[in-house]
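Heavy atoms only: backbone and side chains are in, while hydrogens, waters and symmetry mates are out. Fair warning: this is a prediction, and the values are worked out from it, not measured in the lab.
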Amino acid sequence: DGEHKTCAVWVYDKRPANGAAFVYFGMVPIDTSTQEAKLLINYCNRALDALELKNGPSHAEIILTASGPCLVEMNCRAQGGDGNWQQLAQA
C-alpha cells in the first residue's frame, strides 16, 4: 500500500573486549517512541522514498553521527538470517 511501517529499531551492542576496540555482542531493541528512534525512523522513511521502495520489507543500517543520521546500507529484504527478531514478531 506504499505506507512505511516500522517493526523495530535495533542498536548494535559493541564493546571493547580482548584488546579489540569493539566486539560485536548482538543487537538490542530500543523503544520506537524515543527521540533517537523517531529521528532514525524519519530518516529511513525518507531514504526509502528517495529510492522509490514503496512495498515489501526493508532493512536499513544507519549510523547516528554528531551531525545527524548517515546511511550505511539499505536493502529491500527483511533483516538478517539469525532470527533474533522472531520473538518480537510473535509478541
Side-chain angles (χ1 to χ4, degrees):
D1 64 1
E3 181 181 339
H4 303 305
K5 297 173 184 155
T6 300
C7 296
V9 176
W10 303 82
V11 173
Y12 286 126
D13 180 9
K14 296 179 181 178
R15 296 176 247 159
N18 302 324
F22 71 84
V23 173
Y24 177 76
F25 284 84
M27 296 187 304
V28 178
I30 63 171
D31 184 349
T32 56
S33 67
T34 65
Q35 285 301 108
E36 180 182 65
K38 288 179 182 179
L39 178 68
L40 293 169
I41 292 167
N42 182 313
Y43 181 85
C44 181
N45 289 346
R46 290 188 345 236
L48 289 167
D49 288 342
L51 293 167
E52 298 183 1
L53 295 173
K54 306 250 181 239
N55 295 288
S58 64
H59 161 73
E61 292 190 22
I62 303 166
I63 295 175
L64 191 52
T65 70
S67 60
C70 178
L71 185 63
V72 175
E73 68 177 89
M74 178 70 75
N75 295 286
C76 52
R77 62 169 175 80
Q79 180 272 334
D82 57 5
N84 58 1
W85 49 268
Q86 290 178 343
Q87 289 178 334
L88 288 176
Q90 295 169 355

### Expected output: side-chain Asn18 to main-chain Ala20 donor-acceptor under 3.5 Å
no
### Task
Please answer whether the main-chain N or O of Gly2 pairs with a side-chain N or O of Asn55 as donor and acceptor at a distance below 3.5 Å.
yes
### Message
Could you list the cluster mates of Val11? Members are the ILVMFWY residues connected by side-chain heavy atoms closer than 4.5 Å, either directly or through other members.
### Response
Val9, Ile30, Leu39, Leu40, Ile41, Tyr43, Leu48, Leu51, Leu53, Ile62, Leu64, Leu71, Met74
### Contacts of Phe22 that satisfy ring-ring contact (aromatic ring centres under 6.0 Å, His included) - sequence neighbours left out
none
### Task
Find out whether Lys54 and Asp49 are in side-chain contact, i.e. whether some heavy atom of one side chain is under 4.5 Å from a heavy atom of the other.
yes
### Message
Are Tyr12 and Trp10 linked, directly or through intermediate hydrophobic residues, by side-chain heavy-atom contacts shorter than 4.5 Å (ILVMFWY only)?
### Response
yes
